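Notes for the one structure printed next.
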Amino acid sequence: MNKTSEHTRCLIIGSGPAGFTAAIYAGRANLSPILFEGMQPGGQLTTTSEIENFPGYPEGINGNDMMEDLRKQAVKFGCDVRWGVATASDLSSAPYHIIIDGEKEMTCDTLIIATGATAKYLGLPDEVKYAGQGVSACATCDGFFYRKKKVAVVGGGDTACEEASYLAGLASHVYLIVRKNFLRASKIMQERVMGTPNITVLFEHETTGLFGENGVEGAHLVKRRGKPDEEQVDIVIDGFFLAIGHQPNSGIFAPYLDLDETGYILTVPGTPRTKIPGVFAAGDVADPHYRQAITAAGSGCKAALEAERYLSANKL
Ligand code: NDP
């Protein structure tokens with residue numbers, strides 16, 4: 001153990017609805033939890049505009065406001081919320097070791113992993129070339145820069161439809177680039193997109209590259225790739241937004257826990273229990289199916305209850 005090591009009974013990694021709900025429950029149970037906020041304090045909801053489907057908010061609530069409220073509630077009940085990113089772990093034996101920001105060592109009797117998931121990219125070299133110059137994976141973070149300009153959003157799920165709708169309120173025109181001939185998004189989001197006059201849905205289109213001298217000025221697309229009527233199409237845009245799903249942030253735990261083929265942490269069905277006693281996974285990092293704020297919050301609650309029971313059963 002190095003000299004900057006610090007021990008806690010309950011360590012929570014991540015500050016989305018799962019992490020903060022775990023913190024509220026663990027705090028109220030007098031576990032004196034310590035929570036590290038991670039790379040994106042507040043998690044993915046801080047990149048959403050309005051949350052309309054969290055029970056109890058008939059008028060909707062802004063994602064940042066909700067996360068700020070959750071943070072305050074966690075602090076009120078005694079959670080020590082800190083800046084810091086977990087960069088390595090050793091879960092080979094209890095107490096478990098977590099390295100924060102590559103230097104500080106934390107040890108813990110129980111660990112709640114609520115590290116969420118991160119936006120995926122297509123893997124095109126041009127996404128790297130134009131990073132910060134027209135390529136973004138967060139419409140609510142960067143949409144402001146594209147007022148009265150033309151933008152494209154890639155994807156056909158709820159995130160893509162939500163981002164396209166949001167951008168349509170700022171940009172002059174939005175292309176939604178969908179690789180299949182249908183949208184995967186929920187009916188209400190599909191209808192919203194289809195009913196917005198300045199959104200054009202480009203079904204059966206894939207992006208092959210971006211072009212521009214000073215940042216993104218357009219995208220090269222291929223329509224109906226591999227079909228006899230395949231066609232090359234260029235669109236003129238100033239911004240290119242990815243909304244094609246997420247990758248769970250489970251990498252540092254991979255040597256110790258069971259993951260599915262995408263990297264989601266596998267837990268005992270219906271519980272946040274991993275295969276290691278005292279180590280729990282909550283929220284999107286362990287949920288390829290639902291990925292909602294309310295389900296993440298629910299699993300954070302379960303993780304804290306499990307942590308409390310584990311500590312008491314083991315007299316820790
Ligand atoms: P999804 O996995 O649902 O959708 C991803 C979309 O991106 C699909 O249309 C997929 O196409 C497309 N895609 C994936 N890879 C590529 C690629 N390489 N090239 C082109 N297109 C690609 O992710 P979301 O982030 O949209 O949603 C995740 C979950 O969160 C869902 O359960 C969703 O319902 C939920 N959600 C709910 C919201 C709400 O209720 N307000 C808001 C946002 C998300 P294809 O269909 O061909 O696979």
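Note that the coordinates shown come from a computational prediction; the quantities given were computed from them, not determined experimentally. The chain is numbered in sequence order, starting from 1. Order of appearance sets the numbers: ligands from 1, and atoms from 1 within every ligand.
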Q.
Among Arg225, Arg224, Arg179, exactly one meets salt bridge (Lys or Arg N to Asp or Glu O under 4.0 Å) together with Glu206. Which residue is that?
A. Arg225
**Q.** Any side-chain donor near an acceptor of the partner, His7 and Thr107, under 3.5 Å
**A.** yes
(Q) Can you check which of Gly156, Ala119, Ala160 brings a heavy atom nearest to atom 9 (O) of ligand 1? (A) Gly156
Q) What is the closest protein heavy atom to atom 47 (O) of ligand 1, and at what distance does it sit? A) Arg179 NE, 2.9 Å
Q | Heavy-atom proximity to atom 41 (N) of ligand 1, best of Lys120, Gln44, Glu162, Arg184 | A | Glu162
Q: For atom CG of Leu266, decide whether the heavy atoms of other residues, nucleotides or ligands shown that lie under 6.0 angstrom number more than 12.
A: yes
Q. Which bit of Gln292 is near ligand 1, meaning a heavy atom under 4.0 Å away: side chain, backbone, both or neither?
A. side chain
Q) Salt bridge between Lys275 and Asp258, side-chain N to carboxylate O under 4.0 Å? A) yes
Q) Heavy-atom contacts under 4.0 Å between His246 and ligand 1: side chain, backbone, both, or neither? A) side chain
**Q.** Per-atom contacts, ligand 1 versus Lys180 - under 4.0 Å to a heavy atom
**A.** 45 (P), 46 (O), 47 (O), 48 (O)
Q | Heteroatom proximity flag, Leu122 to ligand 1, N/O under 3.5 Å | A | no
Q. Are His173 and Thr200 close enough that a side-chain donor and a side-chain acceptor fall under 3.5 Å?
A. yes
Q. Any ion pair linking Glu306 and Arg273 (charged N to carboxylate O, less than 4.0 Å)?
A. yes
(Q) Within the 4.0 Å heavy-atom shell around Thr159, which atoms of ligand 1 are there? (A) 24 (P), 25 (O), 26 (O), 27 (O), 43 (C), 44 (C)
**Q.** Distance from atom 29 (C) of ligand 1 to nearest protein heavy atom, with residue and atom
**A.** Arg291 NE, 3.6 Å
Q) Quick one: do Arg9 and Glu308 make a salt bridge, cutoff under 4.0 Å? A) no
Q: List the closest protein heavy-atom neighbour of atom 23 (O) of ligand 1: residue, atom name, distance to the nearest 0.1 Å.
A: Gly245 CA, 3.8 Å
**Q.** Short N-O contact, Arg82 and Asp80, less than 4.0 angstrom
**A.** yes
Q: Could you pull out, from Leu124, Asp158, Ile244, the option with a heavy atom nearest to atom 22 (C) of ligand 1?
A: Ile244
Q. Looking only at heavy atoms, is any part of Asn53 under 4.0 Å from ligand 1, and if so is it the side chain, the backbone, or both, or is it neither?
A. side chain
